[in-house]
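First up is the structure itself, then whatever we jot down about it.
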Amino acid sequence: MAQVLEFKLPDLGEGLTEAVIVTWLVQVGEVVAIDQPVVEVETAKAMVEVPCPYGGVVTARFGEEGTELPVGAPLLTVAVGEATTVPEPEGSGNVLVGYGTGTPPARRRRVRNTAPERANGTADPASSREPAPHTALAEAKTAPHAQVPAPPGRLTEGPVPVISPLVRRLARDNDLDLRRLSGSGPDGLILRADVEDALRVSAARAAAPAPRTPATTSNAPSGIRVPLKGIRGAVADKLSRSRREIPDATCWVDADATELMRARTAMNAAAGPRISLLALLARICTAALARHPELNSYVDVEAREIVQLDHVHLGFAAQTDRGLVVPVVRDAHARDAESLTAEFARLTESAHAGTLTPTDLTGGTFTLNNYGVFGVDGSTPILNHPEAAMLGVGRITPKPWVHEGELAVRQVVQLSLTFDHRVCDGGTAGGFLRYVADCVEQPTVLLRTL
């Protein structure tokens with residue numbers, strides 16, 4: 001008889017612990033192949049299709065669209081094969097970069113002939129579970145549900161056994177502490193009826209007339225509360241960690257970008273792909289990092305070591321409808337201006353479409369922040385932990401400037417460098433920024449390092 005294997009939400013990597021179901025790509029009863037995408041989920045970093053490592057018939061889906069699931073929670077169950085025993089699955093090996101369909105030990109269940117559907121077409125998780133020996137679970141379901149909250153002070157230690165994630169979600173949505181319940185299922189398993197009984201008791205207590213107390217004025221400010229979750233929550237956590245751990249400092253300088261703009265115009269007048277300004281600034285960054293490798297590093301706090309890297313994975317800040325993301329151009333030091341332009345365009349398009357992969361968003365060693373696109377001149381940004389430095393570029397705008405001893409209107413830009421003071425002193429940071437400014441003012445300086 002076919003066996004039922006449970007596929008859980010895989011480890012998302014990079015500290016991500018949950019994901020939101022965006023779109024189910026399969027229905028209950030549908031046949032799926034190994035590594036076929038079965039659901040599209042949104043993490044704090046990107047939207048991604050999750051492939052299933054099993055091939056067979058989908059017998060249940062856990063969670064509706066819009067539901068947030070933690071890593072390790074069941075996504076769906078698949079009936080596979082006809083053998084009475086199934087060896088430990090090893091997974092297909094075809095994993096998402098930064099994710100993994102590497103399978104934890106799967107639970108084995110027999111397929112029921114019919115699986116009742118809920119109103120939304122998703123199988124009831126409890127209906128796809130195998131009955132315990134001697135139908136103990138069925139007997140427990142017919143037993144009286146006198147499961148009111150357990151006596152105060154006697155909380156269950158460790159994980160609370162619950163029949164399904166939906167029951168756990170029901171309790172969480174109603175602020176019900178499962179540790180205070182005594183389940184009516186086998187070995188204290190908490191059933192849906194137990195949670196519903198406890199909620200009815202709580203509702204009855206809330207409806208009872210409360211003793212009249214003097215009216216008090218709340219000091220809590222009124223307003224709209226926006227949950228810190230998804231990409232906004234991930235950004236908040238990372239920036240808070242950076243501010244706590246990294247003693248950063250910022251230096252800045254104004255530069256005459258007139259010659260750089262003329263050089264770009266001349267490049268784009270020739271045959272070939274157009275070169276972006278961001279690509280030229282990135283090329284200048286990689287040249288400056290070759291001269292000052294201390295800034296292409298991070299601090300290993302546990303080992304108390306500074307780790308200098310031999311490659312430049314250049315992150316750049318991109319503002320999207322979903323919030324701020326930092327895509328990464330890998331091996332930027334080995335790319336020319338045309339290659340950098342093409343990669344910036346690809347990653348920017350993916351960022352706005354919400355299709356960046358975990359690989360596109362991780363592994364940066366240095367960040368280029370072009371906040372000039374917002375029409376501002378300067379900024380003191382927070383470092384992208386654990387990176388040691390970030391170059392900021394303000395808007396390029398006509399300003400009075402002394403050029404060759406005379407006052408003239410030139411294209412002026414403010415450049416800033418925010419750096420981790422643990423990896424270098426001000427002299428190194430100043431030397432890096434001065435070299436960048438020299439290349440902006442006289443692009444031919446770059447020829448020395450080509």
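We number each residue from 1, following the sequence as shown.
The line from CG of L391 to CG of L368 is 5.5 Å long, rounded to the nearest 0.5 Å. Separation of atoms CG (L69) and CZ (F62) is listed at 10.5 Å; rounding is to 0.5 Å. Rounding to the nearest 0.5 Å places CG of D194 at 11.0 Å from CG of L199. Put simply, CG on L340 and CG on L280 are 9.0 Å apart, with the number rounded to the nearest 0.5 Å. Atom CZ of R283 is separated from atom CG of L314 by 11.5 Å, given to the nearest 0.5 angstrom. Interatomic distance, T286 OG1 to R291 CZ, rounded to the nearest 0.5 Å: 12.5 Å.
Looking at V253 and L417, their side chains never come closer than 4.5 Å, going by heavy atoms from C-beta outward. Side chains of W24 and L76 form a contact here, defined as non-hydrogen atoms less than 4.5 Å apart. A heavy-atom distance below 4.5 Å is found between the side chains of E49 and L25. Counting heavy atoms from C-beta on, the side chains of R262 and T258 come closer than 4.5 Å. The shortest distance between side-chain heavy atoms of V393 and L415 falls below 4.5 Å. With a 4.5 Å cut-off on side-chain heavy atoms, E196 and L170 count as touching. Looking at heavy atoms from C-beta onward, V195 lies out of side-chain contact with N174 at the 4.5 angstrom threshold. At a threshold of 4.5 Å between non-hydrogen side-chain atoms, the residues F7 and V50 count as touching.
Between the T59 side chain and the T77 main chain, a donor and an acceptor come within less than 3.5 Å of each other. Proximity of a side-chain donor or acceptor of D420 to a complementary backbone N or O of R422 within less than 3.5 Å is detected. Put simply, the side chain of E387 gets close to the backbone of T367: a donor and an acceptor are under 3.5 Å apart. Although no hydrogens or angles enter the test, the distance criterion places no donor-acceptor pair under 3.5 Å between the side chain of T418 and the main chain of T380. Although no hydrogens or angles enter the test, the distance criterion places a donor-acceptor pair under 3.5 Å between the side chain of R264 and the main chain of I275. Looking only at distances, no side-chain donor or acceptor of H421 sits under 3.5 Å from a matching main-chain atom of P247.
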Decide side chain to side chain contact (heavy atoms under 4.5 Å, CB included) for E65 and T23; before the verdict, give the C-alpha distance in whole Å, the side-chain angles of both, and the deciding distance to 0.1 Å. CA-CA 6 Å; E65 293 178 357; T23 306; 4.0 Å; yes
Could you check Q319 against V373 for side chain to side chain contact (heavy atoms under 4.5 Å, CB included), going step by step and ending with a plain yes or no? CA-CA 10 Å; Q319 191 70 39; V373 297; over 6 Å; no
I'd like to know whether R274 forms a side chain to side chain contact (heavy atoms under 4.5 Å, CB included) with M267, so could you lay out the CA-CA distance, the side-chain angles of the two residues, the decisive distance to 0.1 Å, and finally the verdict. CA-CA 8 Å; R274 293 181 61 82; M267 291 179 189; over 6 Å; no
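Between A60 and V28, the shortest heavy-atom contact is CA-CG2, 4.1 Å. Looking at every heavy atom in both residues, D254 comes nearest to E441 through O-OE2, 4.3 Å. Looking at every heavy atom in both residues, L277 comes nearest to L260 through CD1-CD2, 3.9 Å. Nearest heavy atoms, P381 versus N369: CB-ND2, 4.1 Å. Smallest separation of non-hydrogen atoms from P273 and N268: O-OD1, 4.4 Å. Heavy atoms only, all atoms of each residue included: I34 and P53 are closest at CG2-O, 3.8 Å.
Scanning for salt bridge (Lys or Arg N to Asp or Glu O under 4.0 Å) contacts around D438 gives R434, with sequence neighbours left out. For R410, the salt bridge (Lys or Arg N to Asp or Glu O under 4.0 Å) test picks out D256, E259, with sequence neighbours left out. Under the side chain to side chain donor-acceptor pair (under 3.5 Å) criterion, E68 pairs with no residue, sequence neighbours left out. Under the ring pair (Phe, Tyr, Trp, His ring centres under 6.0 Å) criterion, H403 pairs with no residue at all, not counting sequence neighbours. With sequence neighbours left out, E30 forms a salt bridge (Lys or Arg N to Asp or Glu O under 4.0 Å) with no residue at all. Listed by chain and residue number, nothing satisfies the ring pair (Phe, Tyr, Trp, His ring centres under 6.0 Å) test with H352 (two or more places apart in sequence, or in another chain). Partners of T365 by side chain to side chain donor-acceptor pair (under 3.5 Å), not counting sequence neighbours, listed by chain and number: N296. Not a single side chain to side chain donor-acceptor pair (under 3.5 Å) links S242 to another residue, sequence neighbours left out.
In this structure, W252 places its CH2 atom where only 12 or fewer heavy-atom neighbours from other residues, nucleotides or ligands lie under 6.0 Å away.
In this pair, F366 and F432 present their aromatic rings tilted. The plane angle is within the 30 to 60° band.
Within the structure, side-chain hydrogen bond (donor to acceptor under 3.5 Å, both in side chains) contacts touching residues 370-379 (residues at least two apart or in different chains) are Y371-S416, D377-R395. Pairs passing the side-chain hydrogen bond (donor to acceptor under 3.5 Å, both in side chains) check and including a residue from residues 301-311, sequence neighbours excluded, do not occur. Among residue pairs with one or both ends in residues 343-365, those qualifying as salt bridge (Lys or Arg N to Asp or Glu O under 4.0 Å) are E343-R346, R346-D360; sequence neighbours excluded. Within the structure, the salt bridge (Lys or Arg N to Asp or Glu O under 4.0 Å) test picks out no pair touching residues 330-342 (sequence neighbours left out).
Exactly one of E245, K238, R243 qualifies for a side-chain hydrogen bond (donor to acceptor under 3.5 Å, both in side chains) with H385. That residue is E245.
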